[in-house]
J.: 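Dumping the structure here so I can ask a few things about it.
Quick caveat: nothing in here was measured; it's all calculated off a predicted structure.
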Amino acid sequence: MRLAAAILSALALASCAAPEVPVVERAPAARSIDKPFDVTKNVDFILVDKSDRTLTLFREGRAVRTYRDLAFGDAPQGHKQFQGDERTPEGRYRIAYGNPQSAFHLSLKIDYPNAADRAYAKRFGRSPGGDIFIHGQPNGSPEGQKIAYDWTDGCIALSNAEIEELWQTVPDGTPIEIRP
């Protein structure tokens, strides 16, 4: 069991490469639909809209919190198809688990690739890739700052304060839909 945990941690550390020279700006505060946001209650659905650069949390069909100005992979448009294409997946997935020992300030693993993603890549003799996470900023980043451009290898990046809220309220198995 410890070996499996060590392997998972190593994979997560290698997942989304941090940029060589990060450009940072002051991270904007998360904008709440409900104030205050109760992190003691779990959410039951996550909606990511890549074109609007938003991540919205839902409880019982009602939006309870929206985060803006997300960062994606270096090639943010289009669905991730192959390992190394720098795209963020689109479609319906689930949060597989949280990783507190990530190379980033906390991370939530998205269960990409699904069967359709694997089948598509296999038709081309390629790997669909994997290790797609929602995560904070690279460990060691200045407190309260956020990289201001698309910089991940396909992950979804938030500020550290924002990922801390998700960490408290998003349980394993939560469905997530990522829209273009």
Side-chain angles (χ1 to χ4, degrees), residues 1-16 30-34 36-68 70-73 76 79-81 83 87-122 127-137 139 152-180:
M1 189 64 150
R2 284 188 173 171
L3 178 59
I7 291 170
L8 285 173
S9 291
L11 287 173
L13 286 172
S15 64
C16 293
R31 295 172 187 100
S32 176
I33 292 171
D34 281 345
F37 178 61
D38 186 353
V39 295
T40 65
K41 296 180 182 175
N42 287 343
V43 298
D44 52 32
F45 182 71
I46 302 168
L47 176 63
V48 174
D49 187 312
K50 288 170 53 176
S51 62
D52 287 344
R53 295 185 174 272
T54 59
L55 182 152
T56 302
L57 302 176
F58 290 82
R59 285 189 189 123
E60 299 174 359
R62 201 169 132 249
V64 294
R65 184 71 134 190
T66 296
Y67 303 93
R68 302 188 191 295
L70 306 178
F72 298 108
H79 174 58
K80 182 166 194 62
Q81 297 174 326
Q83 183 174 0
R87 292 183 177 166
T88 301
E90 296 169 356
R92 286 190 157 259
Y93 299 94
R94 290 195 175 274
I95 299 300
Y97 61 85
N99 180 7
Q101 297 180 338
S102 168
F104 306 91
H105 186 75
L106 302 174
S107 64
L108 298 171
K109 172 79 166 86
I110 298 172
D111 71 351
Y112 172 89
N114 61 26
D117 298 320
R118 288 189 295 278
Y120 181 85
K122 185 176 181 180
S127 167
D131 289 332
I132 301 298
F133 290 82
I134 301 171
H135 59 67
Q137 300 300 294
N139 289 334
T152 77
D153 285 342
C155 296
I156 300 166
L158 304 165
S159 74
N160 290 348
E162 291 166 338
I163 192 65
E164 286 176 9
E165 285 188 357
L166 266 68
W167 185 262
Q168 293 178 59
T169 193
V170 175
D172 293 354
T174 301
I176 178 171
E177 181 176 342
I178 305 169
R179 294 182 181 167

J.: Residues in side chain to side chain contact (heavy atoms under 4.5 Å, CB included) with Glu177, at least two apart?
T.: Phe45, Leu47, Arg92, Arg179
J.: Measure the spacing between CD1 of Ile134 and OH of Tyr67 and express it to the nearest 0.5 Å.
T.: 10.5 Å
J.: Drop me the distance from Ile176's CD1 to Ile156's CD1, to the nearest 0.5 angstrom.
T.: 5.0 Å
J.: Test: salt bridge (Lys or Arg N to Asp or Glu O under 4.0 Å). Region: residues 41-54. Which pairs qualify, not counting sequence neighbours?
T.: Lys50-Glu90, Arg53-Asp150
J.: I'd like to check the side chain to side chain contact (heavy atoms under 4.5 Å, CB included) partners of Asn42; sequence neighbours left out, ordered by chain and number.
T.: Pro171
J.: I'd like to know if the side chain of Asp111 reaches the main chain of Ala96, judged simply by a donor and an acceptor atom lying under 3.5 Å from each other, with no hydrogens or angles considered.
T.: no
J.: Taking Phe72's backbone N and O only, do any of them form a donor-acceptor pair with Thr88's side chain (distance below 3.5 Å, no angle check)?
T.: no
J.: Kindly indicate, with the supporting measurements, whether the criterion side-chain contact (heavy atoms from CB on, under 4.5 Å) is fulfilled by Thr54 and Val48.
T.: CA-CA 6 Å; Thr54 59; Val48 174; over 6 Å; no
J.: Do you know the tightest heavy-atom contact between Leu108 and Trp167?
T.: CD2-CE3, 3.8 Å
J.: Taking all atoms of both residues into account, what is the closest heavy-atom pair of Gly173 and Arg94, and its distance?
T.: O-NH1, 2.5 Å
J.: State, to 0.1 Å, how close Phe133 and Asp131 come at their nearest heavy-atom pair, and which atoms those are.
T.: CD1-O, 3.5 Å
J.: What is the minimum heavy-atom distance between Ser127 and Ala121, and which atoms define it?
T.: C-CB, 3.8 Å
J.: Please report the C-alpha distance between Arg65 and Thr56 in whole Å, then the side-chain angles of each, then the deciding distance to 0.1 Å, and finally whether the side-chain contact (heavy atoms from CB on, under 4.5 Å) criterion is met.
T.: CA-CA 6 Å; Arg65 184 71 134 190; Thr56 302; over 6 Å; no
J.: When you measure from the side chain of Gln168 to the backbone of Glu165, do you find a donor-acceptor pair of N or O atoms at a distance under 3.5 Å?
T.: no
J.: Only counting residues at least two apart or in another chain, list the ones meeting salt bridge (Lys or Arg N to Asp or Glu O under 4.0 Å) with Lys109.
T.: none
J.: Quick check for you: to the nearest 0.5 Å, what is the distance between Glu164 atom CD and Thr169 atom OG1?
T.: 13.5 Å
J.: How would you list, by chain and number, every residue that makes a side chain to side chain contact (heavy atoms under 4.5 Å, CB included) with Ala157, sequence neighbours excluded?
T.: Ala71, His135, Gln137, Trp151, Thr152
J.: Mind checking side chain to side chain contact (heavy atoms under 4.5 Å, CB included) for Asp117 and listing every partner two or more places apart, or none if nothing turns up?
T.: His79, Tyr93, Tyr112, Pro113, Asn114
J.: For Ser51 and Pro180, indicate whether the former's side chain and the latter's backbone hold a donor-acceptor pair under 3.5 Å.
T.: yes
J.: Are Thr66 and Leu55 close enough that some pair of their side-chain heavy atoms sits under 4.5 Å apart?
T.: no
J.: Ignoring hydrogens, what is the shortest heavy-atom contact between Lys80 and Pro128? Give both atom names and the distance.
T.: CE-O, 3.8 Å
